[in-house]
Each structure stands twice: as structure tokens, then as C-alpha cells.
Amino acid sequence: MPSDGDRVRLARRVRRLLRVDPGSVDLGAIDPRSTPGFPSRPGKGRKAWSRAEVAQIGNLLSAYQERMYAAARAGTSRRRLLLVLQGTDCSGKDGTVRSVVGALNPLGVQIKAFGAPTPEELAHHFLWRIDRAMPPAGYVGVFNRSHYEDVLVARVRSLVPPEVWRPRYDQINSFEAAAVADGVAVIKVMLHISYEEQGRRLRARLEDPTKRWKFDPADVDDRDRWDEYQAAYADAIARCSTPAAPWYIVPADRKWYRNWATANLLLAHLADLAVDYPAVELDLAAELARLDGAPGKTSEKRPAGRPQRNAR
Ligand code: AMP
Ligand code: MG
């Protein structure tokens with residue numbers, strides 16, 4: 001059983017292994033079935049080990065999350081975290097939210113799924129709806145799809161002409177740089193699956209009546225443009241992997257690795273935020289004495305006529 005310190009060290013190693021340096025990206029050279037940083041478990045099921053480990057990491061994540069939330073409430077820190085999840089259909093974005101983000105305290109989590117823009121959103125700059133969804137101080141924000149769709153689907157499906165989508169890379173970089181400067185830790189994750197695995201998962205969506213609701217015929221149209229999407233992803237990642245807000249490519253054909261790796265990315269960043277509980281200025285002795293002397297303590301009853309604290 002690793003200690004919490006071991007876990008944080010390993011998480012930083014995983015982050016290093018998955019981080020994309022600015023420059024070009026060759027998605028074809030990254031095996032979607034690979035498991036960078038995953039410890040070798042001789043004689044043990046990797047799936048079961050991952051599940052148990054993700055639960056342990058989840059406990060650590062919520063402990064860090066609580067510090068960040070408490071500090072924001074006290075006004076001593078404005079730090080917050082944004083997890084951007086991108087990936088083709090069936091890459092596991094929803095599953096990652098359920099399995100990894102699900103370990104956090106929902107009180108301090110803000111999840112936003114981005115679909116095709118509404119008429120109102122279309123009337124604004126493409127970053128308008130993104131800006132409105134940014135996590136408040138102390139929160140973990142999660143984007144299920146994001147502003148990157150505006151250089152992915154918008155480009156591949158020619159929703160806007162090249163002279164509109166091309167300048168967007170720079171606009172995204174400026175937007176994210178400003179967010180980082182304002183205290184947001186931005187973690188951008190591409191869930192990288194293979195063409196074959198997507199085929200298997202789409203087939204399962206069709207064949208399994210409990211998964212059929214997830215099937216969208218448009219997904220098959222997008223699958224026909226697989227190479228164009230991969231090229232658009234490679235460009236977006238290469239152009240927008242900045243030192244302030246790098247991209248991480250998570251091999252995602254194996255769900256147990258995908259969950260473990262993403263949990264580690266969150267852990268490395270939350271640990272590095274190093275937000276601690278706020279120092280609370282209280283006359284502790286006086287408050288305890290007040291509590292001890294509080295009416296109702298011995299009788300377990302409030303004296304008549306004394307209003308309840310939260311009474312309106
Ligand atoms: P899903 O994530 O499967 O619920 O589907 C959401 C759909 O919304 C996907 O087909 C995306 O391509 C689409 N979408 C998300 N953002 C945009 C955008 N900015 N412009 C056009 N389509 C988008
Ligand atoms: Mg879809």
C-alpha cells in the first residue's frame with residue numbers, strides 16, 4: 001500500500017509523462033492501449049488495483065479540495081482548478097466524470113457539458129459561454145467538451161471558414177493565460193482512443209438497450225472523418241499546449257488506466273496548489289465557554305421565547 005506521499009510523487013511523474021511540450025504532436029505515435037507510469041503489478045489484476053487506487057486517490061483529492069474550498073470561503077485564496085475533457089465520441093469523457101470527478105465533494109464541483117451552441121451563444125464570441133462557466137474561487141470546474149470544439153468540430157465540419165477558426169488558437173491561448181494568471185490551474189486532457197476501440201464502443205451502444213440512448217447517428221458521420229479529427233486534435237494540442245496550460249494526452253482504450261491517469265493529473269495539480277485551511281481568528285476559549293454556558297445544554301431544551309438561531 002503506497003503512502004499519501006508516494007501517491008503525490010507518482011502523480012507528478014504521471015503528469016510529466018503525459019504532458020505535451022509545445023510544438024508538434026504525433027497522435028499516431030501514442031498507443032491508446034499504453035499505460036505510462038502505471039506500476040507493474042506482477043501477479044495482480046491491474047483493473048482491480050486501479051479501482052482500489054483510484055478510490056484512495058479520491059480520498060486525497062477531496063481532502064485537498066476541502067482546503068481550497070475553505071480558503072476561498074474565508075477569502076484567503078482564490079485558487080481554483082479547471083479540468084477540460086476532450087476526446088472523440090466514446091472516448092470516455094462521461095465515464096471519467098463519473099469515476100474520477102465523482103470522488104470529489106459535489107458541493108465544490110461545477111460541471112459543464114458543452115454541446116452545439118444555442119442561438120444566443122452563437123450571437124456572442126465563442127469564448128463568451130466558456131467565460132461564464134469558469135469555476136468560482138475554491139471550486140473544481142469540469143468541462144465536458146469545451147472551447148476546443150471551436151477549433152475541432154467547427155473546423156472539420158466547416159461550421160466557420162478558416163479565416164475565422166485559424167485565429168482562435170491564439171485567442172484560446174490568451175484566454176487561458178489570463179485565467180492562469182487569475183489563479184486557475186488549467187488541466188487539459190485529451191482522452192486518446194483508437195479507431196477500433198471507438199468502433200467497439202459504438203457497436204455496444206447500438207446493441208445494448210441500456211446504452212442505446214447515448215447513440216447519436218451523427219457520431220458515425222464524425223467517425224467517417226476520423227483522420228480529419230485526429231489532424232485537428234493534433235493541431236489544437238500543438239498550438240495550445242503552453243507552459244502555463246499544457247495539454248495531457250491520456251491513452252484511453254483501457255478504462256482502468258484512463259481513470260487512474262486522470263485521477264493522478266488532478267492529484268498532482270491539487271497538491272501543487274498547496275492551499276491550506278484558512279487561519280481562523282477566533283477567541284477559542286471564549287467561544288468554548290460560551291458554548292458550555294449556552295442555554296439548553298443541560299436541559300436539552302431551549303428556554304421559552306428564545307428564537308432558534310436559524311428561525312426566520
Ligand atoms: P455529446 O458530447 O455527445 O453530448 O455531443 C455534444 C455535441 O455538441 C458534439 O457532437 C459536439 O461536436 C457538439 N459541439 C460541442 N461544442 C460545439 C461547438 N462549439 N460548435 C459546434 N458543435 C459543438
Ligand atoms: Mg455524441
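One is the number of the first residue; the rest follow in order along the sequence. Remember, it's 1-based here, ligands and their atoms both numbered in the order they're listed. All values reported here derive from a predicted model rather than from experimental measurement.
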Run the numbers on Asp253 and Arg258 for salt bridge (Lys or Arg N to Asp or Glu O under 4.0 Å), then give the verdict.
CA-CA 8 Å; Asp253 271 14; Arg258 170 201 81 197; over 6 Å; no
Would Lys211 pass as a cation-pi partner of Phe215, given that its NZ or CZ must be under 6.0 Å from the six-membered ring centre and within 45 degrees of the axis?
no
Hey, does [X] come in under 3.5 Å of ligand 1, counting only N/O atoms on both sides?
X	value
Arg145	yes
Asp150	yes
Ala116	yes

[X] side-chain N/O to [Y] backbone N/O, donor-acceptor pair under 3.5 Å:
X	Y	value
Arg168	Val151	no
Gln86	Ser146	yes
Tyr233	Gly87	yes

Any non-hydrogen protein atom below 4.0 Å of atom 4 (O) of ligand 1?
no
Between Arg201 and Asp219, does any side-chain N to carboxylate O distance fall below 4.0 Å?
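No, no charged N to carboxylate O under 4.0 Å.
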Here the atoms of ligand 1 under 4.0 Å from any heavy atom belonging to Glu149 are 11 (C), 12 (O), 15 (C), 16 (N), 17 (C), 18 (C), 19 (N)
Does only the side chain of Arg129 get under 4.0 Å from ligand 1, or the backbone, or both, or neither? Count heavy atoms.
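Under 4.0 Å from ligand 1, Arg129 contributes side-chain atoms alone.
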Hey, is Leu159 touching ligand 1 through its side chain, its backbone, both or neither, going by heavy atoms under 4.0 Å?
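Near ligand 1, Leu159 shows its side chain, while the N, CA, C and O stay back.
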Near the Mg ion (ligand 2), is there an N/O/S atom from Asp89 that is less than 2.8 Å away?
yes
Angle class for the Tyr248/His269 ring planes (parallel below 30°, perpendicular above 60°, tilted otherwise)?
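Ring orientation of Tyr248 relative to His269: perpendicular.
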Residue-ligand contact Ala154/ligand 1, heavy atom below 4.0 Å
no
Who's the nearest protein heavy-atom neighbour of atom 22 (N) of ligand 1, and how far?
Val153 CG1, 3.5 Å
Which residue holds the protein heavy atom closest to atom 18 (C) of ligand 1, what is that atom called, and what is the gap in Å?
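Looking at atom 18 (C) of ligand 1, the protein heavy atom closest to it is Pro117 CD, 3.5 Å.
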Set out, in order, the CA-CA distance, both residues' side-chain angles and the distance that settles side chain to side chain contact (heavy atoms under 4.5 Å, CB included) for Phe126 and His147, then state yes or no.
CA-CA 7 Å; Phe126 78 100; His147 42 305; 4.2 Å; yes
